[in-house]
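Per chain, numbering begins at 1; letters A, B, ... match sequence-line order. Treat the numbers as computed from the prediction; the structure is a model and nothing was measured.
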Amino acid sequence: MYKISIFSIIVSILELVACGKDKPKPVEWTGFERPAHFPNPVYDFSSNVVTEAGFALGKKLFYDGKLSRDGSISCGSCHIQYSAFTHHGHAVSHGIDEQLGSRNAPPIQNTAWQANFFWDGGVQHLDMLSIAPIENPVEMDETVANVLQKLRADSEYPALFEKAFGTTEINTARTMQALSQFMNMLVSANTRYDKFVQGDNSALNAQEQAGLAAFRIKCESCHREPLFIDNEFHYNGLFRTNDLGHFGITLNPLDSFTFKTPSLRNLDKTAPYMHDGRFTNLDMVLDHYQSGIYPHANLDSRLTNGFSISNQEKADIKAFLLTLTDEEFIRNPLFSE
Amino acid sequence: MNNKIVLIAAMVAASFAQVGCNKDKINPNEKGSLGLHFDNRAGNMDLTLNNAQGYNTPLNQQITISTFDYYISNIQLTNKDGGVVTLPQTYHLVKESDTESQEFTLNDIPEGDYQSITFLVGVDSARSTMPIADRTGVLDPAGAGAGMYWSWNSGYIFVKLEGTSPQAPLDSATNTRPLYYHVGGFGGYSSTTINNLRTITLPFGSNGDVEVRKDGEVSKLHINVDALKVISGTTNVDFSTNPVAHFGTFSGNLANNYTQMFVLDHIH
């Protein structure tokens, strides 16, 4: 009797716990949240508070072909969620009329922590960014003024703008800020690496941990944890082409061939690699850092003489880099078309 | 006796004079207005867009101008004692294709007798980097400022001169010989780069001081702006070798050239 009652109490407690877990969570709008182990964002949210309606509007805009001249291309055409919002498999992006750009589409993730955008850093504020792809003749080949006209004439948009901003007025700032709201919500912070740095030692196996240790010595001073960016520009020794990178923005010869340090989050989903997508896989990237670095006065000093990676380190670092995939992020229905 | 009369006469005269002065007295707390008219020219002719025969340059080349637009901002007036008055920030985009844009009135000017005007050609760095919600009117890159904004390298185009020339290289795609001179560059967002902001001061000189009074007549400065000065002056641009200027060091030559582009023609 005694035993049974204890047993039944335990069962009912277990049931209670289980029931609590199984209770369907109401889908609750949380807005933008800084992951506990991330620094404060760079983006000033007080100038553009993320709201549910603003986010929904931004998402609709992001996936809408109306932003292009002939309706054929949306932001989402080149920034595809399942490849961490890159143009999967394309070294350089394909835009309107199948025209080729000259650079690889980077992932859109953790934009709130970025101080500059595009490989060369030509845009410094997310709210100003979307004008560029809309007006680029080889991307969407439209004018923002025309896009605004189309949105005003649309049957749905005026009501969506009213929900998001209080009135039906459709202007440049509202349109750009809605797109920013969508992009700023694209936070990727839930990889095995994140679990590990938050205290779950079992999240990385021994080789991955060795890879992280090697990464911290060889790579982390540019690809800074936990975002793997440093908001800076470096020349990392790639074979040089006529793309001068950050020089185009500053016209300073010391900036020739330097590019923005890309984040390594979701790397497994974002091939090909580098500003022009020249490397189709991670092995090629690691081979570059091991033995492919071209000397030049602008080569970052960290990658000059004395920089070496052993084959073991290469294998370990690769294993570690593959832990940076955030399945929850690339499958999150909140972000899907 | 005589002396007394003289004294009284002098006092009466003085008080009349004072009354006269009062009429003209400057009260800096009162505000008046001043009109500006930017009259675009090509050499000593009135500028006509798309004229077939074109205009001759010092290098004996011809240019047919299709676009001539520029920003005027940060206007200041210097009074006859040398005091500088900075006017409330307004931004003006003067477009040859839009007559209305060429004339505007500056309001809220403290009363005074002014001897010169100073303004910036372009958009200062504070406005070039301000939040998108504040970019309205001619600073709205998709509104009145459309075509005057570099989206791939955030910043406004200060002066835009476009056209064609028989001496310019052939663009086989369009079968035309285009010229594009886009000058911008406010000094850089986070790292420094070219600064093509130029400040122009036009003394009123022999036109005399300009009186600004609350209820006074509003003077209007008639400023001639010679579009050909963009491509001539310290640097005479050869269309065959430099048909294009965009964000690059060459554009600085054009910015230096166009410091000579504004001439105060008359005041009325």
To the nearest 0.5 Å, what is the distance between [atom1] ([X]) and [atom2] ([Y])?
X      : Y      : atom1 : atom2 : result
A:M128 : B:Y189 : CE    : OH    : 8.5 Å
B:S151 : A:F118 : OG    : CZ    : 7.5 Å
B:T136 : A:N171 : OG1   : CG    : 9.5 Å

Would you check if [X] and [Y] make a side-chain contact, meaning some heavy-atom pair closer than 4.5 Å?
X      : Y      : value
B:F247 : A:L251 : yes
A:Q124 : B:T129 : no
A:E135 : B:Y149 : no

B:K31, NZ: over 12 other non-hydrogen atoms inside 6.0 angstrom: yes

Within 6.0 Å of CD in B:Q53, more than 12 heavy atoms from elsewhere: yes

Let me know if [X] has heavy atoms under 4.5 Å from chain B in its side chain, its backbone, both or neither.
X      : value
A:S47  : neither
A:I249 : both
A:N252 : neither

Residue among B:A142, B:A146, B:G248 with most heavy-atom pairs under 4.5 Å to chain A: B:A142

Best-contacting candidate, A:A173, A:A115, A:G248, against chain B by heavy atom pairs under 4.5 angstrom: A:A173

Heavy-atom closest contact (A:I131 atom, B:P141 atom, distance): CD1-CG, 3.8 Å

